Amino acid sequence: MAISSKLFLSLVLAFMVLIITLEEANGTISGKTRKLIDMANKKGPYLGLVIPNLFEMNPLLQHPSYKPSDLTIDYAGRRFRFGHIDNQPVVLVMTGLAMLNAGITTQLLLALFDVKGVVHYGIAGNANPSLNIGDVAIPQYWAHTALWNWQRYGDGAENELPLEVNGDYTRDIGYLKISEYSVNVTNCNSHNNLLNNIWYQPEEVFPVFGTPEDRQHIFWVPVDPRYYAIAKKLEGLKLEGCLNATTCLSHPPKVTRVHRGTSASIYLDNAAYRSFIYNKFDVSPVEMESAAVALICYQQKVPYIVIRALSDMAGGGTSESNEASTFITLAATNSVEVTVQFIKQLSTKKYQDA
């Protein structure tokens, strides 16, 4: 039986759609998507804006300084949005929650597009008692603080860790002794805990210009020094201090450069651990994505900076309402405002020529 030309064309189109769908499902970049990526890269290089969640992205999409283009590219479950802030071409991408999502998304961004630098922004918990809810912290270093060697019960600080002799693990960074946080211990001068000690570990990294499979290690990952110097110009920036006419912060929020921040795929709402990592590591923001962004940018030799607005004191203990949900909108808005002003500083001829 003869097939009409119209039906034949429909079958061909359906087959092509099927092939494209299968290619993208297998991680292959389809011809259409590849053309869009090539077209986008001709308009680069871009500043990549890596954003954890939609509630942190939406204030930027609505900001008067953000001028969207008609181009968006969907790939591997991510949506890449293109536009300008001031005269700076930007590409925006949302990561989703936690370290794995943030690392995958940042790697996709840098592999697919011509990106000259990365700005990661959002909200965070706070571990630094000298800072307040609503403040925006810009750390100089980031670490992933949930890569652990969990020591066998009975072993102590003097005992070698498993595989330490091979260079896989180290005691250089230090440890958390869980028994030191026991309560209601009344009948003995010393006590123990079956959970014993957790030893913090550096990440293995494989820099893009290094020898493949020749591992290096890093714990504190520095942000780009030029970006960090530019961020100092933002320290007098006026930020939003009120959610509405009746709900305001007790302290005017400020922008401040700080020493360190930490990330882990753990939502930290525990005052004892917050105090431990502050005293141990001198950290301010604590959250779930930035160290992954830092590690990818470090390995790919791409400059980056992280801007995090503090939405709560991790674990409680402030005079403010300490539920993250109370000031989440204000914190997200302040992180966007600081990011926009940072990009405007970066866009000046002085820094473009640096």
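Model, not experiment: these values are computed from the prediction.
- A donor-acceptor pair under 3.5 Å links the side-chain atoms of Thr339 to the main chain of Ser335, judged by distance alone.
- Lys344 has no carboxylate O lying under 4.0 Å from a charged side-chain N of Asp86, or vice versa, which leaves the two without a salt bridge.
- Between the side chains of Thr33 and Ser30, a donor-acceptor pair is found at a separation under 3.5 Å.
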Under 3.5 Å, which donor-acceptor pairs link side chains of residues 136-150 to any protein atom two or more places apart or in another chain?
residue: His144; atom: ND1; partner: Glu203; partner atom: OE2; Å: 2.6
residue: Trp148; atom: NE1; partner: Thr145; partner atom: O; Å: 3.0
residue: Trp150; atom: NE1; partner: Leu195; partner atom: O; Å: 2.6

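- A donor-acceptor pair shorter than 3.5 Å cannot be found between the side chains of Arg81 and Thr72.
- Linking ILVMFWY side-chain heavy atoms closer than 4.5 Å, directly or via other members, places Leu131 and Leu249 in two distinct hydrophobic clusters.
- Counting only N and O atoms by type, the side chains of Arg78 and Asn101 include a donor and acceptor under 3.5 Å apart.
- When the side chains of ILVMFWY residues are joined at heavy-atom separations under 4.5 Å, either directly or via intervening members, Leu161 and Ile198 end up in two distinct hydrophobic clusters.
- Under a hydrophobic clustering in which Ile, Leu, Val, Met, Phe, Trp and Tyr are joined whenever their side-chain heavy atoms come within less than 4.5 Å, directly or via other members, Tyr228 and Val50 fall into the same cluster.
- A donor-acceptor distance shorter than 3.5 angstrom exists from the side chain of Arg274 to the backbone of Gly316, with no hydrogens or angles considered.
- The two residues Gln345 and Leu234 make their nearest non-hydrogen contact at CG-CD2, 4.2 Å.
- Under the 3.5 Å distance criterion, with hydrogens and angles disregarded, a donor-acceptor pair is assigned to the side chains of Glu337 and Gln341.
- Between Tyr227 and Phe342, the distance separating the two ring centers is shorter than 6.0 angstrom.
- A side-chain donor from one of Arg308 and Ser290 sits under 3.5 Å from a side-chain acceptor of the other.
- In summary, Lys254 and Asp135 engage in a salt bridge, as defined by a charged side-chain N under 4.0 Å from a carboxylate O.
- Not one N or O on the side chain of Asn126 forms a donor-acceptor pair closer than 3.5 Å with the backbone of Asp312.
- For the pair Arg79/Ile73, no side-chain contact is recorded, criterion being any heavy-atom separation below 4.5 Å from C-beta on.
- Salt-bridge formation is detected for the pair Asp168/Arg215: a Lys NZ or Arg NE/NH1/NH2 atom is positioned less than 4.0 Å from an Asp or Glu carboxylate oxygen.
- The shortest non-hydrogen separation linking Ser311 to Phe327 is O-CB, 4.1 Å.
- Using a cut-off of 4.0 Å between Lys/Arg side-chain N and Asp/Glu carboxylate O, Lys232 and Glu235 are scored as salt-bridged.
- With hydrogens and angles disregarded, no donor-acceptor distance shorter than 3.5 Å links the side chain of Asn53 to the backbone of Phe55.
- Formation of a donor-acceptor pair under 3.5 Å by the Thr211 side chain with backbone atoms of Asp214 is not found in this model.
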Stepwise side-chain hydrogen bond (donor to acceptor under 3.5 Å, both in side chains) check, Thr333 with Glu240 | CA-CA 8 Å; Thr333 299; Glu240 183 59 57; over 6 Å; no
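- Grouping the Ile, Leu, Val, Met, Phe, Trp and Tyr side chains by contacts below 4.5 angstrom, directly or via other members, places Leu110 with Ile218.
- Here the two rings, on Tyr181 and Tyr273, have centers that are 6.0 Å apart or farther.
- Shown here for Ala292 and Ala102, the closest heavy-atom pair between the two residues is CB-CB, 3.9 Å.
- Side-chain contact of Asn193 with Ser179: a donor-acceptor pair under 3.5 Å is absent, judged by distance alone.
- Under a 4.0 Å N-O distance rule, the pair Asp38/Arg34 qualifies as a salt bridge.
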Trace of the side-chain contact (heavy atoms from CB on, under 4.5 Å) decision for Thr105 with Leu108 | CA-CA 5 Å; Thr105 305; Leu108 281 171; 5.6 Å; no
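- Taking the six-membered ring for Trp, Tyr75 and Phe113 have ring centres at least 6.0 Å apart.
- Val115 and Val118 make their closest contact through CG1-CG2, 4.1 Å (heavy atoms, listed as atom of the first residue, atom of the second, distance).
- Ser347 and Gln88 share a side-chain donor-acceptor pair at under 3.5 Å.
- Both tests do not hold together for Lys280 against Tyr278: distance to the six-membered ring centre under 6.0 Å, angle to the ring axis within 45°.
- Between the side chain of Arg152 and the main chain of Asn196, no donor-acceptor pair closer than 3.5 Å is present.
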